[in-house]
Amino acid sequence: MQFKLTDEQKMMQDMARDFAQKEILPTLKEDERDHRFRPELVKKMADLGFFGCAIPEEYGGNGCGFFESVLLAEQLAKVSGSWRVPLNMQNIGPSVTVNRFGTREQKERFIPAWVKADSFGFFAITEPNSGSDVAGMGTTATDRGDHWELNGQKMWISNAHVGDWGLVYAFTDKSKKYKGMTCFIVNLKDNEGIVTAPIETKLGLHCSPTGEIAFTKARIPKDSILGEVGQGFKICMWQLNNTRVSCAAGALGIGGGAIEAAINYANERTQFGKKIGSYQMVQAQIADIVAEHEAAKLLVYQAAWLKDQGMPNQHQTSIAKLFASEAAVHATSETMKIFGSYGFSTEFPAERFLRDAQSLRVVEGTSNIQKTIIAGIALGDVENR
């Protein structure tokens, strides 16, 4: 087993770290306070090739894979969990999924625009009454002869009110349950049947736009179907198994950023005449979160590597997502305690790391859902794929 990064991988890691420090960090406090999304940063990421991983070069890809995308996500999230999200919206979500299931025409039309950030991507699964129970969604798509008619509502959708083209999952035949779900490539702009609105009451990820989408007799062209009618659930599960590894990498970054902050503070802060890092209880806190972080890193890197080899990885991906997200929550919680009262202040990053980490227990399948997947495969009830 080889743990050494290639020169190219190190270069991408350094590039993402440099970008986060120079482009994101300088205005992060103000951006967080104002819940400001900066489209120009997404475009700069695209110009650096951040969104070309796991995409063929003919559609704008950069010849890299999931592993490189994980390295990018980790470094961005080390500074801001919000700015890891564009990797899913432009790359690992819509682009990779259309590359797998789309027609050549769809690939040529949509993927380069997402990779270049000429089009802001999204994927709409969650609804007011349907989260973990994907097959319980209520959005429907009805064949009207010359078009599809979409009706329903999606919530907690990243890029909902800033997105252009993306993926929408809906039932074309509710009687067939999950076999009656279909995936559509939809444009949220210039459609009188589609209304979007921001959600600004979030605990964290303040620089990542989140919103809701309402479809009311929305006319969708007949050639908008991704894959085949009734294939939506399969596509959705395949997509989530990919976006989960990016979320796991985000957890790795947030946890790592918090740990660095905790260590720096423990070396600088003095109490009773000594730096607090010299006290055994603080050392125990740091030892625990560092050990968990290193274990999480191996799990996340392994899952990404398996994807690049085309090997079964759902089991490893869910383990990585579960462990890394829970480790990030633990690391950020301990960091806040090490910072003491300063950890409760928005002047320091500890509180932001803690807020942002909570989302990773929920998005792309909650921790409970990951446990269900892991147990099902471990018990032999479900095949690892």
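Residues: numbered from 1 along the sequence shown.
- Within the cation-pi definition used here (under 6.0 Å to the ring centroid, within 45° of the axis), K116 does not qualify as a partner of F51.
- Between F122 and W165, the distance separating the two ring centers is not shorter than 6.0 angstrom.
- There is no side-chain donor-acceptor pair under 3.5 Å between S208 and S82.
- Distance alone, capped at 3.5 Å, is enough to place a donor-acceptor pair between the Y279 side chain and the Q271 backbone.
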### Task
Check the pair L41 / E23 against side-chain contact (heavy atoms from CB on, under 4.5 Å), numbers first and verdict last.
CA-CA 7 Å; L41 284 190; E23 299 288 347; 3.9 Å; yes
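- Tested against E149 for a salt bridge (Lys or Arg N to Asp or Glu O under 4.0 Å), the candidates K222, R219, R144 yield a single pass: R144.
- Classification of the F37-F120 ring pair by plane angle, with boundaries at 30° and 60°, yields perpendicular.
- Under the 4.0 Å criterion applied to side-chain N and carboxylate O atoms, E127 and K154 are assigned as salt-bridge partners.
- Of the candidates V98, V96, N91, V98 is the only one forming a side chain to side chain contact (heavy atoms under 4.5 Å, CB included) with W114.
- No more than 12 heavy atoms of other residues, nucleotides or ligands shown are found within 6.0 angstrom of CD on E383.
- L150 is connected to V229 through a chain of hydrophobic side-chain contacts under 4.5 Å among Ile, Leu, Val, Met, Phe, Trp and Tyr, so both are in one cluster.
- At most 12 non-hydrogen atoms from other residues, nucleotides or ligands lie less than 6.0 angstrom from CG of N129.
- Ring-plane geometry between H35 and H206 is classed as parallel, the angle between the planes falling under 30 degrees on a 0 to 90 degree scale with a further cut at 60.
- A salt bridge links E32 with R355; the closest basic N to acidic carboxylate O contact falls under 4.0 Å.
- Here the shortest heavy-atom pairing between H293 and G255 reads ND1-C, 4.3 Å.
- Applying the side-chain hydrogen bond (donor to acceptor under 3.5 Å, both in side chains) criterion to E40, with sequence neighbours excluded, gives R38.
- Aromatic ring centroids of F50 and W83 lie 6.0 Å or more apart.
- With respect to R109 and E105, no salt bridge is recorded, no charged nitrogen being found less than 4.0 Å from a carboxylate O.
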### salt bridge (Lys or Arg N to Asp or Glu O under 4.0 Å) evaluation trace for K297 with E292
CA-CA 9 Å; K297 182 184 295 185; E292 289 177 357; over 6 Å; no
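- The side-chain heavy atoms of N62 and I55, taken from C-beta on, include no pair separated by under 4.5 Å.
- Residues satisfying the side-chain contact (heavy atoms from CB on, under 4.5 Å) criterion with P312, sequence neighbours excluded, are N384.
- Minimum interatomic distance between Q370 and S318 (heavy atoms only, all atoms of both residues): OE1-OG, 2.9 Å.
- Considering only heavy atoms from C-beta on, F344 stays 4.5 Å or farther from E351 through its side chain.
- Salt bridge K78/E260: present, at least one basic N to carboxylate O contact under 4.0 Å.
- Among all heavy-atom pairs drawn from S325 and S367, the shortest one is OG-OG, 4.0 Å.
- Of the possible donor and acceptor atoms, one in the side chain of R352 sits under 3.5 Å from a partner among the backbone N and O of V79.
- Listed by first then second residue, pairs satisfying side-chain hydrogen bond (donor to acceptor under 3.5 Å, both in side chains) with a partner in residues 192-205 read K202-T210, not counting sequence neighbours.
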